[in-house]
Trainee: 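Shown below is the structure under consideration.
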Amino acid sequence: SCYCIQRNLVSIPPSIRRAEEWTIIWPGVDKESMRHIGRITGHDVSKLAKLCKTKYDSLTFDHSGDGAPVRLNLFSEIR
């Protein structure tokens, strides 16, 4: 396992982003990263971000294909 923690998603090299299984974001002021994740996943991240009620809530995008494609706070499936 490898964890890449970065405030700016596009600063992570594409080869690493292609190999990741999960992307976890905390909605915030970096709208460009949110748009980028939306393009990658095909989800409207700005709408999903409205489900996050506190600054501790996060969105998890599962790229592995084994679980729910989007989750709130890692465990709650979003349909």
Side-chain angles (χ1 to χ4, degrees):
S1 295
C2 176
Y3 299 93
C4 294
I5 300 172
Q6 180 60 259
R7 289 183 63 108
N8 184 354
L9 178 69
V10 294
S11 295
I12 299 172
S15 58
I16 293 173
R17 281 184 276 157
R18 280 192 289 275
E20 70 185 9
E21 289 190 14
W22 292 1
T23 302
I24 302 173
I25 64 165
W26 285 262
V29 296
D30 187 2
K31 303 300 182 198
E32 182 57 35
S33 288
M34 291 177 65
R35 280 192 293 274
H36 182 75
I37 291 172
R39 285 192 300 271
I40 291 170
T41 64
H43 293 91
D44 187 346
V45 179
S46 61
K47 284 186 180 179
L48 292 172
K50 293 177 183 175
L51 298 172
C52 297
K53 302 300 181 194
T54 71
K55 66 180 182 178
Y56 305 106
D57 290 338
S58 64
L59 296 170
T60 303
F61 297 91
D62 187 340
H63 310 293
S64 71
D66 292 332
V70 184
R71 298 181 212 156
L72 179 65
N73 297 326
L74 198 61
F75 300 106
S76 302
E77 292 184 19
I78 298 174
R79 298 193 181 259

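Nothing fancy with the numbering, it's 1 onward along the sequence.
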Trainee: Please step through side-chain contact (heavy atoms from CB on, under 4.5 Å) for the pair Thr41 and His63, ending with a clear verdict.
Mentor: CA-CA 8 Å; Thr41 64; His63 310 293; 3.8 Å; yes
Trainee: Using side chain to side chain contact (heavy atoms under 4.5 Å, CB included) as the criterion, point out the one residue from Ile78, Thr60, Leu59 that pairs with Arg71.
Mentor: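 Only one of Ile78, Thr60, Leu59 forms a side chain to side chain contact (heavy atoms under 4.5 Å, CB included) with Arg71, namely Thr60.
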Trainee: Provide the closest heavy-atom pair for Asp44 versus Ser46 in the form atom of the first, atom of the second, distance.
Mentor: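 Answer, listing the atom of Asp44 first, then Ser46: OD1-OG, 2.7 Å.
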Trainee: Is there a path of hydrophobic side-chain contacts, each under 4.5 Å between heavy atoms of I, L, V, M, F, W or Y residues, that connects Ile37 with Ile16?
Mentor: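 Cluster IDs for Ile37 and Ile16 match.
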Trainee: Output the distance between atom NE2 (His36) and atom CD1 (Ile25), rounded to the nearest 0.5 Å.
Mentor: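 So the gap between those two atoms works out to 11.0 Å.
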Trainee: Name all residues meeting the side chain to side chain contact (heavy atoms under 4.5 Å, CB included) criterion together with Arg18; count only those two or more places apart in sequence or in a different chain, and write none if there are none.
Mentor: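 Per chain and number, Arg18 pairs via side chain to side chain contact (heavy atoms under 4.5 Å, CB included) with Pro14, Ser15.
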Trainee: What is the distance from atom CG of Leu51 to atom CG of Asn73, rounded to the nearest 0.5 Å?
Mentor: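 Interatomic distance, Leu51 CG to Asn73 CG, rounded to 0.5 Å: 10.0 Å.
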Trainee: Between the main-chain N or O of Trp22 and the side-chain N or O of Asp62, is there a donor-acceptor pair closer than 3.5 Å?
Mentor: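 Pair absent, no side-chain N/O of Asp62 close to backbone of Trp22.
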Trainee: May I have the step-by-step check of side-chain contact (heavy atoms from CB on, under 4.5 Å) for Ile24 and Leu74, ending in yes or no?
Mentor: CA-CA 8 Å; Ile24 302 173; Leu74 198 61; 4.1 Å; yes
Trainee: Specify the closest pair of heavy atoms between Trp26 and Tyr56, including all atoms of both residues, with the distance to one decimal.
Mentor: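 The pair with the smallest heavy-atom distance is NE1-O, 3.5 Å.
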Trainee: Got a second to check how far Thr23's OG1 is from Arg17's CZ, nearest 0.5 Å?
Mentor: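 Going from OG1 on Thr23 over to CZ on Arg17, the span is 9.5 Å.
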